[in-house]
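Quick notes on the structure that follows.
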Amino acid sequence: MESGSGAMILWTAAAVLLLAADAKTTHHKDRGSASGYNGGVGDGPGFPSGSERVNLTLYHVNPKNYSGIVDMDTGDAGGDAFFDIRGFLVPIICSNVTKYHPYPGECYNPETDGNDLVTTRVVVEVQNDFGHYGMCNICVNGTVPLSFPPKKCVDGEYECVCGGWFKPSRPCGEKVGRENVTSMFGRWKPYSNDTTSWWTHNLAKRVQGMWYSTTHHGHNKTWRLVEEQKRVNSTCQKNNLFNSIDRLGKRCFESCPNPSDKTSECYVRCVFESMLGPDSGHKESDEGGLSGVEIVALWTEAFENCPSI
């Protein structure tokens, strides 16, 4: 790991993230000030009587022509950092079209493959009683991604399915869905020596993130969008993140045949070994690289350093 000013910036960002985390979730107990409605117990628009509600600060990556979060998935800083950083593996995972992919649909996902992606930070008020996580994706080729058996849909529209991979899909209910990224991707060790599987596993165990799904069934009943705080160009954020990681693993990146090719196996290996340590591609590894807090801090700092659009 490189020392000097880069390390100081990293530790500063980590400290800021820890302070922000304390204020990320706000429990609503009563009405707010005269400046506006700030929540309460069971007195919001359509919320069940007596229900406790909380404010969550969440992030979402999608094409810029979409707005809101109806029938979409979001994540806290750790959850979306995992989603975004794991996306760096997609060029390698999907380079062999005949290879089995453990997470179907990731090779043709407009939320990772698009050229006009944006990252948005929102505040969402939710009923503090969560349900099954819904896999919400943009309809592609007339089929709802991850639906089983395949469900028809209108191309370009968001659709959510519940039930899990390779299990019969079922409609998602009104409750906000919640999924622990570590439980989903880090619970079991990979059964093969595939480096992308080990990097996914180790990244999930470190960042400790959460994913949420907000369906139209629960809109203004179990959840409501309070505020869209900031939206940035995802390419700007990724470039900022790449620059930070480049400084951490400078020698590794310089050894690549083409250090500017961010889709090459050499470059991707340097990214994950810099963050997770040199052993992270072939075994469970808690040592080397960065802590989960530091990884999320890098991702959050990359977001904050982009202008709003």
Side-chain angles (χ1 to χ4, degrees), residues 1-2 6-7 9-10 13 59-64 75 77-97 99 101-103 105-120 185 194-204 206-207 209 232-282 288-290 292 294-307 309:
M1 186 182 298
E2 297 295 312
I9 293 173
L10 175 61
Y59 298 81
H60 182 55
V61 179
N62 64 348
K64 67 179 180 181
D80 233 41
F82 171 82
F83 175 83
D84 214 15
I85 294 171
R86 188 185 178 278
F88 299 164
L89 295 174
V90 170
I92 295 177
I93 293 172
C94 300
S95 61
N96 185 350
V97 295
K99 181 182 177 182
H101 302 302
Y103 308 113
E106 66 183 338
C107 296
Y108 309 98
N109 185 352
E111 292 188 337
T112 58
D113 305 334
N115 296 319
D116 59 347
L117 298 178
V118 295
T119 306
T120 308
F185 295 93
D194 178 60
T195 55
T196 62
S197 297
W198 280 108
W199 283 329
T200 297
H201 174 84
N202 285 312
L203 180 63
R206 290 205 192 182
V207 298
V232 306
N233 183 291
S234 294
T235 299
C236 172
Q237 183 183 12
K238 282 185 171 63
N239 287 339
N240 288 343
L241 183 58
F242 277 133
N243 290 337
S244 296
I245 298 172
D246 281 349
R247 290 193 292 270
L248 292 173
K250 185 176 181 180
R251 291 192 182 93
C252 183
F253 290 109
E254 289 176 344
S255 70
C256 291
N258 184 1
S260 64
D261 183 3
K262 294 179 173 58
T263 64
S264 71
E265 290 192 21
C266 181
Y267 191 94
V268 172
R269 174 180 58 80
C270 291
V271 166
F272 283 87
E273 288 186 357
S274 297
M275 289 191 297
L276 302 174
D279 296 330
S280 59
H282 58 268
L290 307 177
E294 292 170 328
I295 293 171
V296 177
L298 279 185
W299 184 87
T300 306
E301 181 184 33
F303 174 87
E304 296 296 348
N305 287 340
C306 289
I309 58 174

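Starting from 1, each residue takes its place in the sequence as its number.
Remark: Tyr59 engages Trp299, Phe303 in a ring-ring contact (aromatic ring centres under 6.0 Å, His included) (not counting sequence neighbours). Take Phe83 and apply the ring-ring contact (aromatic ring centres under 6.0 Å, His included) test, not counting sequence neighbours, and it matches no residue. Every residue two or more places apart in sequence or in another chain that forms a salt bridge (charged side-chain N to carboxylate O under 4.0 Å, His left out) with Glu304 is listed here: Arg121, Lys230. Taking Thr119 as the reference, Ser234, Gln237 meet the side-chain hydrogen bond (donor to acceptor under 3.5 Å, both in side chains) condition, with sequence neighbours excluded. Here Ser255 pairs with nothing under the side-chain hydrogen bond (donor to acceptor under 3.5 Å, both in side chains) rule; sequence neighbours left out. Among residues two or more places apart in sequence or in another chain, the side-chain contact (heavy atoms from CB on, under 4.5 Å) test is passed with Asn258 by Ser260, Asp261. The side-chain hydrogen bond (donor to acceptor under 3.5 Å, both in side chains) check on Thr195 picks up nothing, with sequence neighbours excluded. Shown here are the salt bridge (charged side-chain N to carboxylate O under 4.0 Å, His left out) partners of Glu273, two or more places apart in sequence or in another chain: Arg269. Residues meeting the ring-ring contact (aromatic ring centres under 6.0 Å, His included) test with Phe272, sequence neighbours left out: Trp199. Residues satisfying the side-chain hydrogen bond (donor to acceptor under 3.5 Å, both in side chains) criterion with Asn62, sequence neighbours excluded, are His60.
A heavy-atom distance below 4.5 Å is not found between the side chains of Asp279 and Trp198.
With 2.5 angstrom as the limit on SG-SG distance, Cys306 and Cys236 come in below it.
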Next on the checklist: Run the ring pair (Phe, Tyr, Trp, His ring centres under 6.0 Å) test on Phe242 and Phe253 for me, step by step, so that the C-alpha distance in whole Å, both residues' side-chain angles and the decisive distance to 0.1 Å come before the verdict.
Outcome noted: CA-CA 11 Å; Phe242 277 133; Phe253 290 109; 8.4 Å; no
Evaluate the disulfide bond (SG atoms under 2.5 Å apart) criterion for residues Cys256 and Cys270: first the C-alpha distance (whole Å), next the side-chain angles of each, then the deciding distance (0.1 Å), finally the verdict.
-> CA-CA 9 Å; Cys256 291; Cys270 291; 3.9 Å; no
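Summarising the geometry of Leu203 relative to Arg86, their closest heavy-atom pair is CD2-N, 4.0 Å, with the distance given to 0.1 Å. The nearest pair of heavy atoms linking Ala302 to Leu241 is CB-N, 3.7 Å. When all heavy atoms of Phe88 and Lys238 are compared, the closest pair comes out as CE2-CE, 4.1 Å. Shown here for Phe185 and Thr200, the closest heavy-atom pair between the two residues is CD2-CG2, 4.0 Å. Among all heavy-atom pairs drawn from Ser274 and Ile245, the shortest one is CB-CG2, 4.2 Å. Here the shortest heavy-atom pairing between Asn202 and Ser280 reads ND2-O, 2.8 Å.
Note that OG1 of Thr235 and CG of Asn115 are 8.0 Å apart. Values are rounded to the nearest 0.5 Å. If you take CD1 on Ile309 and OG1 on Thr120, they are separated by 7.5 Å, rounding to the nearest 0.5 Å. Rounding to the nearest 0.5 angstrom, the gap separating the CG atom in Leu298 from the CG atom in Leu248 is 6.0 Å. Note that OG1 of Thr196 is 13.5 Å distant from NE2 of His201, once rounded to the nearest 0.5 Å.
Crowding of Lys262 atom NZ: a count of heavy atoms from other residues, nucleotides or ligands under 6.0 Å exceeding 12.
Using modelled atom types, no side-chain atom of Arg206 and backbone atom of Ile295 make a donor-acceptor pair closer than 3.5 Å.
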